[in-house]
Amino acid sequence: MTNKKNPGDLTEVLSAAEKIYRPSKKIISQANVKDYEGVLKQAAKDPLAFWAEAAEELEWFKPWHKIIDISHKPFYKWFTGAKCNLAYNALDRHVKSKIKNKIAILWEDETGRSRSYTYLELYHEVNQLANALRRQGLKKGDRIAIYLPNLPEIAIAMLASVKIGAVHSVVYAGYSAMALAERIKDAKAKILFTADGSFRRGKAVYLKEIADQALKECKTVKRVVVVKNSQAKIKLNPQIDIWYHDFIKHEPTEAACAEMDAEDPAFVLYTSGTTAKPKGIVHVHGGYMVGVFRTIKWVFDLKGEEIFWCTADPGWITGHSYIIYGPLMAGITTLMYEGVPDLPQPDRIWRIIEKYKVNILYTAPTLIRAMMKYGTSWPAKYKLASLRLLGTVGEPINPEAWKWYYKYVGKNRCPIMDTWWQTETGMHLITPLPVTPLKAGSVAKPFPGIIADVVDKKGRSVPAGKGGFLVIKNPWPSMVRTVFNDPARYVKTYWREIKGRYFTGDVAYRDRDGYYWIQGRTDDVLKIAGHRIGPAEVESAFVSHHKVAEAAVIGLPDAVKGEVIKAFIILKQSVSPSEDLKGELKAQVRKTLGPMAVIKEIAFVDKLPKTRSGKIMRRVLKAEELGLPTGDTSALAS
Ligand code: WTA
């Protein structure tokens, strides 16, 4: 306990009601890290030594001169002078050991189809694709756009891209043509991977059609590689399109791995922020592989034999780090499920765990809450004894959902790793380890080597129990390096708010035991079923409709999705509000952004609360909507 007792504060109340969930003797005896507090202390004393030791566990073509170079901060560089390749560590190195015959990817889809790849098979196919990409003229630094569902081929395309030193930009397959086009244009991608179609909730989704629409605006793409995944009858344009199986057919199964500088970009991943334009978050080969490898091995206590199921989509950072690169670097089996968890029945998720004997389940609060609604009888029907650890990510988990997950899925014996991190951080930053005593709803403490703080506007630490801005005080290897094409935005977004600190955009507090409790975002960024959506992107989608003059959107709490979107719309003069128009506007957002940006409610209004400089105060709308105090409204224009 770090702070003195303060009877009035929030922590006191929580601590009194809080139950501590301690790991069993078995969990402790098998843990990779047993002395939690000792490791934290040691790493805090010398974070660089900690990360250098972590880096030694991977293979490098050439060692580093310096662990970190801070001379151009906040453009930190890690492992400078080193040569390496992320894909080499995820794949090539395993082919030299008996891991090569292990299953790397297990795949199943909603309709019941399944496939698997051993490490060797995956390695061969990645090499074929790498050769095909090189034959196509792609080289180091070129951008490759990937618009694919959760299929083995998405992993293959990502790995082949990284292997040849190109930079992939995966665009979640739930995004619309316009959103895809915007991302392709920003990255100036030369090639696009997509599929003929996929299924979602039993309905066919024609991805190639969406991609074709997007490409009308994208002049840089010279080749479209199409994975055959459905029975969709599609027409290929021989000038530009090629089936994936034809693209790789005659290619050799060996390919040289590009020797990359540790600081060369491996991928860019677009994420939402406060403006309408998404940010291209850049991650590099060296630091990213070190951070992801160390966290997956420690947080999920990997021994090398696990069946690991992360239910995210590879289109988000969670999928990049913990469906693809993390599990593969660790040489374990990653399960990819393309579908929803409750089809044909609400037991699908439990059935998959039993069928594949999943050891670690890493999912999101929204999914847990959805399963809770169906009741405990569904998980009770299945043998979940293979589970050893559970994980959650993406949004704060309410204690009720945490306890349900712990009791009915983990059967009171599987610790829950509530991992806090971001697209920008690349890896878990605040999370328990399996031996950490847990509190339902808390993300516990910063990972070893990470120094976090909760501060006020001036950057001063606030006492336990007081809310403040969550910041990170020191750099870490897998941190975002820049915003693609926009280094000034990188500096402004992450390093200007609180001087010298990485600004996470989250609000949190610490309790007397130093445990962190995440309370949400400071910047109105929405989390709908775990998907990060910028309010300005949704507003700009509304405003692109010819009948809309102005729009403001807020997130309202929702029992399953975490948040849902409510929009306040000012119509253009002479346009009359109607229910039909609401439907039209909802469709417009869906068309502009994609199906995950579901609008729950629309209210037509005459006025929006604004600052004198004309900025919409979403905070005021939200407080009014929820019947809360509006707080400081001195900036509000009268
Ligand atoms: C939120 C997802 C509470 C947080 C990996 C963060 C969380 C944003 C947690 C990043 C958690 C993520 N508890 N909130 N365990 N994990 N968040 O970029 O607000 O999609 O800033 O990355 O999700 O979302 P992103």
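Just so you know, ligand 1 is whichever comes first in the structure, and atom 1 is the first atom listed for that ligand.
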Given the ring of Y509, does K466 sit roughly above its face, with NZ or CZ under 6.0 Å from the centre of the six-membered ring and within 45° of the axis?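 Not flagged: K466 not positioned over aromatic ring of Y509.
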Kindly say whether A157 contributes a backbone atom to a donor-acceptor pair with the side chain of S161 at under 3.5 angstrom?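 No; judged by distance alone, with no hydrogens or angles, the pair does not exist.
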Determine, stepwise, if the pair H283 / H168 fulfils ring pair (Phe, Tyr, Trp, His ring centres under 6.0 Å). CA-CA 10 Å; H283 283 290; H168 62 66; over 10 Å; no
Show your working on salt bridge (Lys or Arg N to Asp or Glu O under 4.0 Å) between E537 and R532 and close with a plain yes or no. CA-CA 11 Å; E537 287 173 72; R532 183 164 158 184; over 6 Å; no
Which residues pass the side chain to side chain contact (heavy atoms under 4.5 Å, CB included) test with T592, sequence neighbours left out?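 Applying side chain to side chain contact (heavy atoms under 4.5 Å, CB included) to T592 gives M178, A541, S544, Q588.
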Can a salt bridge be assigned to the pair R143 and D186 using a cut-off of 4.0 Å between side-chain N and carboxylate O?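 The answer is no: the pair does not qualify as a salt bridge.
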Run through ligand 1 for me and note each protein residue having a heavy atom under 4.0 Å from it, chain first, then residue number.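 Ligand 1 pocket, heavy atoms under 4.0 Å: I317, T318, V393, G394, E395, P396, D418, T419, W420, W421, Q422, T423, V443, D506, I518, R521, K527, R532.
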